[in-house]
Amino acid sequence: MQLEAALKQYYGFDDFRPGQKEILEDILSGHDVLGMLPTGTGKTLIYQLATVLLKGRALIVSPLVSLMQDQVDQFKQTGFKRTVALNSFLDHSDKQSVLNHLKDYQFVFVSPEIMQNKYIRSALLSVNWSLFVVDEAHCISQWGHEFRPYYLDLAFIRKKLGNPVCLALTATAAVKVQEDILKYLEMKDAKVHIHSVNRPNISIFVESFSDVEQKLDRALELITELKGPGIVYTNTRRGAEQLVTVLHERGIQDVSYYHGGMDQDERLLVQKQFLNSQLQLIVCTNAFGMGINKPDIRFVIHYNAPANVEGYVQEIGRAGRDLQPSAAILLYHPSDLEIPFHFIENELPDDNQIDYILSDYDVLAEQTLSERLQLAGISETGQRFMEYHLNNSGVLYEKCVPEVKRESLKKILKKKIEERKREKLNSLRMIEKWIMDEGCKRSMMLKYFGEEEIAEKDYCCSGCQDELTRFYGKEEKETHIYQVWEDELKRLFRQEV
DNA sequence: CGGCAAAAACGTACGTTTTTGCCGGTGCGGTACT
């Protein structure tokens with residue numbers, strides 16, 4: 001009853017959404033919690049309310065600085081004024097003043113990386129935390145192993161902070177990812193709340209092509225026919241740009257591309273235009289989507305197959321947040337998997353490169369580690385991976401590393417890399433299998449997330465004979481919006497309209 | 001690996017063909033430089 005009263009007092013709601021209350025109760029009784037809840041369940045409310053009821057403060061680890069800024073704004077708007085984000089957006093003096101008054105804040109957002117900064121870390125250690133929240137916790141597994149290794153340091157940091165209760169939240173985590181989260185956050189005896197990833201209003205279609213031209217034609221047909229707004233995912237940055245060029249040539253103007261190679265401002269602009277419905281379609285790499293809360297996305301097309309099932313589920317999950325019928329269409333060509341395969345094979349150093357990096361470590365004084373890593377031709381991700389692990393093993397601080405230690409380190413790293421490759425190749429094989437299999441796509445997907453298979457229903461997937469044409473039918477609205485937008489642009493350039 | 005663009009090689013003077021070489025998702029912070 002006490003929880004319902006607090007819910008009423010702070011939010012004005014009468015009832016919790018599924019999952020919220022159970023997680024809150026576990027947190028308040030001092031348990032670590034892994035919560036996998038679908039988007040729109042109100043994950044934020046859980047740790048806001050928990051922090052308030054614990055009369056303490058929460059440290060929230062968030063993967064993207066842009067997301068953090070949005071969250072801080074949202075917190076402030078909903079009355080949680082004592083909220084701040086510690087990241088590189090802050091200039092030196094602002095950072096200084098936040099750190100000096102850290103105890104006055106109730107909610108502090110951080111990236112995993114910024115806690116490596118010793119000033120920030122010591123400031124964080126100087127106050128008491130009642131809650132350690134890891135938002136989008138699947139990043140630990142998805143990015144921690146190589147791309148953003150400091151995700152693997154979170155357990156260590158939490159321990160230093162005096163082991164506050166840990167709440168890991170995500171919307172999609174396959175069984176292996178759930179295991180990784182529990183393992184790398186060292187959440188012993190954690191309560192696990194897993195809710196279904198099934199999104200009944202999203203119909204799943206897979207179409208295979210042996211000819212890339214035919215696939216392009218089909219994509220253009222779908223983009224023309226399907227009711228928007230929509231997202232198209234491609235494998236490469238260039239692929240996204242090229243598809244947009246083709247669409248522009250065909251007179252479809254309310255389309256733009258988005259990928260990680262663009263400037264921050266440019267990315268923000270495209271994102272805002274899409275959220276404001278000035279753009280009806282966004283063609284992008286997997287850089288786009290996290291933290292996007294546009295409720296009315298009607299379709300997600302995969303122009304190339306993604307590297308694993310969980311990535312696919314995350315990406316199609318951006319459709320139909322308003323619970324209206326939406327379509328996910330994967331257009332598959334066997335060459336799609338070559339690029340993910342290439343990344344898996346090449347992002348981490350091979351045995352020869354490991355030998356080279358760790359040979360004659362004592363002469364390294366004349367050569368910085370990063371010089372050596374570059375000389376060995378190791379990818380940027382591979383370089384970060386090596387730096388992280390060499391740093392962790394302590395060899396960076398030793399003047400002369402004994403032969404025995406060097407050899408054992410080589411062995412450890414080689415084993416780690418091989419294991420990681422095997423896992424990723426396995427995931428790649430899983431999605432290939434999922435694509436090729438003729439059965440119910442939804443059931444197979446749910447099985448991958450450790451869920452019971454569901455009974456087939458009428459509107460389900462291409463394996464269950466659902467019809468994609470029922471999602472056809474563009475609205476007049478789009479061209480209207482475009483004209484208004486075009487008029488505004490003309491006015492900006494002082495042309496007659 | 002496979003696709004694509006720039007460089008080199010054509011065989012005859014600037015356009016076409018062949019060869020070489022490089023790149024390919026995801027983001028943070030901080031430092032060096034405009």
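Per chain, numbering begins at 1; letters A, B, ... match sequence-line order.
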Using the side-chain heavy atoms of [X], tell me which of these nucleotides is nearest: [options].
X	options	answer
A:His342	B:dC28, B:dG24, B:dT26	B:dG24
A:Phe343	B:dG24, B:dG27, B:dC4	B:dG24
A:Asn286	B:dG27, B:dC4, B:dT26	B:dT26
A:Arg267	B:dT26, B:dG27, B:dC28	B:dG27
A:Glu380	B:dG27, B:dC4, B:dC28	B:dG27
A:Ser111	B:dG24, B:dG27, B:dC28	B:dC28

Pairwise [atom1] distance, [M] and [N] [rounded to whole Å]:
N	M	atom1	value
B:dA13	B:dA8	C1'	16 Å
B:dT20	B:dT12	C1'	24 Å
B:dA32	B:dG27	P	25 Å
B:dG29	B:dT34	P	24 Å
B:dT18	B:dT26	P	36 Å
B:dA9	B:dC14	C1'	14 Å
B:dC33	B:dC28	P	24 Å

- Query: Using a 3.5 Å cut-off on both pairing distances, which stems of three or more Watson-Crick or G-U pairs include DNA chain B?
  - Reply: B:1-10 with B:15-24
From [atom1] of [X] over to [atom2] of [N], roughly how many Å is that when rounded to an integer?
X	N	atom1	atom2	answer
A:Met262	B:dT26	CE	P	11 Å
A:Glu387	B:dC28	CD	P	18 Å
A:Leu348	B:dT26	CG	C1'	14 Å
A:Leu90	B:dC28	CG	P	14 Å
A:Gln142	B:dG27	CD	P	11 Å
A:Trp143	B:dG29	CH2	P	13 Å
A:Tyr233	B:dT26	OH	C1'	12 Å
A:Arg237	B:dC22	CZ	P	19 Å

Could you tell me whether [X] contacts a base, only the sugar-phosphate backbone, or nothing, with contacts defined as non-hydrogen atoms closer than 4.0 Å?
X	result
A:Asn346	nothing
A:Pro63	sugar-phosphate
A:Glu347	base
A:Ser335	nothing
A:Ile114	sugar-phosphate

- Message: When you compare the ring of A:Phe147 with the six-membered ring of B:dT26's base, are the centres less than 5.5 Å apart and the planes under 30° from each other?
- Response: yes
- Task: Go through the steps to decide whether A:Phe385 and A:His389 satisfy the test ring-ring contact (aromatic ring centres under 6.0 Å, His included), and finish with yes or no.
- Result: CA-CA 6 Å; A:Phe385 173 89; A:His389 286 289; 4.5 Å; yes
Is [X] near enough to [N] that one of its side-chain N or O atoms lies under 4.0 angstrom from OP1 or OP2?
X	N	value
A:Arg384	B:dG27	no
A:Lys424	B:dT26	no
A:Thr285	B:dT26	yes
A:Asn117	B:dG30	yes

- Query: Do A:Arg148 and B:dG29 share a donor-acceptor pair, side chain to base, under 3.5 Å?
  - Reply: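 No, the side chain and the base share no sub-3.5 Å donor-acceptor pair.
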- Message: For a 4.5 angstrom cut-off between non-hydrogen side-chain atoms, does A:Leu330 reach A:Tyr233?
- Response: no
- Only residue of A:Ile378, A:Leu375, A:Leu373 satisfying side chain to side chain contact (heavy atoms under 4.5 Å, CB included) with A:Gln353 is A:Ile378
Verify the distance criterion only: is there a donor paired with an acceptor across the side chains of [X] and [Y] at less than 3.5 Å?
X	Y	result
A:His302	A:Asp336	no
A:Thr170	A:His138	yes
A:Ser427	A:Asn308	no

- Query: Is the backbone N or O of A:Lys81 less than 3.5 Å from a side-chain atom of A:Lys76, with the two atoms forming a donor-acceptor pair by type?
  - Reply: no
- Are the side chain of A:Glu451 and the backbone N or O of A:Val197 linked by a donor-acceptor pair below 3.5 Å? yes
- Residue closer to the 5' end of DNA chain B, A:Tyr258 versus A:Gln242 (nearest nucleotide): A:Gln242
- Task: Classify the angle between the aromatic ring planes of A:Tyr312 and A:Trp434 as parallel (below 30°), tilted (30 to 60°) or perpendicular (above 60°).
- Result: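 Tilted.
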- What residues, two or more places apart in sequence or in another chain, satisfy ring pair (Phe, Tyr, Trp, His ring centres under 6.0 Å) together with A:His333?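 In terms of ring pair (Phe, Tyr, Trp, His ring centres under 6.0 Å), with neighbours along the sequence ignored, A:His333 is linked to no residue.
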